[in-house]
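Bear in mind that the values here come from a model prediction, so they are computed numbers and not experimental data.
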Amino acid sequence: MKKIYRGILFSVLLSLLLWGCSSVKEEPDPKESTFKEAEQNKKESQAALLSSLNQEGEFRALIPRSKGQEGIDFDLTMLNQNMVFAQIYSMIMSPEEYTGKTVKLKGSLIYAKEFDENGNIISDKEVLICVVSDEAACCAVGVEFIPKDEEAFREASFEEWEEITITGVCDIVSDGTGFLNVVRLNEAQVEK
């Protein structure tokens, strides 16, 4: 029953992402071309969603394992922003498939603090997050990461909101409430 609930929840989130937050490109005849593009995008999204079900009706990874780069299991840099956003939700919903795997992704760097439920700062330690948004920039999700070499990371002087590429070992941890999982990349290599 839990697997069915997770599957339904994931399909609702994916459909909201793919159809509710899609961007529309301007063209000379917007009525005709937009309708055709929307129909094509809908067909592609439905095909991707159906292909993401395994034989038991559970969701699996939407992307193939990376074959081009040795040591990387999932290279999310090959996907468009909408699919990366959806893939991170897949990681949250199916943590057993990603835990211990090497993941590569692009996003924007933010420095954050940890807060308790009352809004009080828990510690002075910064939490490093790579934010990935969908193409319309109406939805975003963060992936926490811990650099392999924190001293080299600090010396590189990354600016907040700078675009970065991170590669690290995936760990899915609870947010402490038991309601939501958080994606964390350990031993992360960070590039500008």
Query raised in the report: Can you tell me how far the CD1 atom of Ile110 sits from the CG atom of Leu128, to the nearest 0.5 Å?
Result: 9.5 Å
Kindly list each side-chain donor-acceptor pair under 3.5 angstrom involving residues 158-173, sequence neighbours excluded, with atom names and distances?
from	atom 1	to	atom 2	distance (Å)
Glu160	OE2	Tyr111	N	3.1
Glu162	OE1	Glu159	N	2.8

Report task. May I ask whether Val143 and Val127 are part of the same hydrophobic cluster, defined by side-chain heavy atoms of I, L, V, M, F, W, Y residues being less than 4.5 angstrom apart, directly or through others? Result -> no
Requested in this report: Treating Ile, Leu, Val, Met, Phe, Trp and Tyr as nodes and any side-chain heavy-atom pair under 4.5 angstrom as an edge, say whether Leu105 and Ile92 lie in one connected cluster.
Outcome: yes
Query - Any donor-acceptor N/O pair, Asp134 side chain to Gln81 backbone, under 3.5 Å - result: no
Query raised in the report: Going from SG on Cys139 to OH on Tyr89, what distance comes out if it is rounded to the nearest 0.5 angstrom?
Result: 7.5 Å
Requested in this report: Mind checking the OG1-NZ spacing from Thr77 to Lys104? Nearest 0.5 Å is all I need.
Outcome: 5.0 Å
Report summary line: Here the pair of heavy atoms bringing Gly71 nearest to Thr102 is O-CB, 3.1 Å
Query raised in the report: Rounded to the nearest 0.5 Å, how far does CG of Asn82 lie from CD of Gln87?
Result: 13.0 Å
Query raised in the report: What is the distance from atom CE of Met93 to atom OH of Tyr98, rounded to the nearest 0.5 Å?
Result: 11.5 Å
Report task. Report yes if some heavy atom in the side chain of Val103 is under 4.5 Å from a heavy atom in the side chain of Leu76; otherwise report no. Result -> yes
Query raised in the report: Do Ile146 and Val183 belong to the same hydrophobic cluster, where Ile, Leu, Val, Met, Phe, Trp and Tyr are linked whenever their side-chain heavy atoms lie under 4.5 Å apart, directly or via other members?
Result: no
**Report entry** Common cluster, Ile129/Val132, ILVMFWY with side-chain heavy-atom separation under 4.5 Å
**Finding:** no
Query raised in the report: Can you tell me how far CG of Leu109 sits from SG of Cys130, rounded to the nearest 0.5 angstrom?
Result: 7.5 Å
Output a table of donor-acceptor pairs, distance under 3.5 Å, between side-chain atoms of residues 185-192 and any protein atom two or more places apart or on a different chain; print 'none' if there are none.
from	atom 1	to	atom 2	distance (Å)
Lys192	NZ	Ala156	O	3.4

Requested in this report: Could you list all the side-chain hydrogen bond (donor to acceptor under 3.5 Å, both in side chains) pairs where at least one residue sits in residues 143-156, not counting sequence neighbours?
Outcome: Glu126-Arg154, Glu144-Arg184
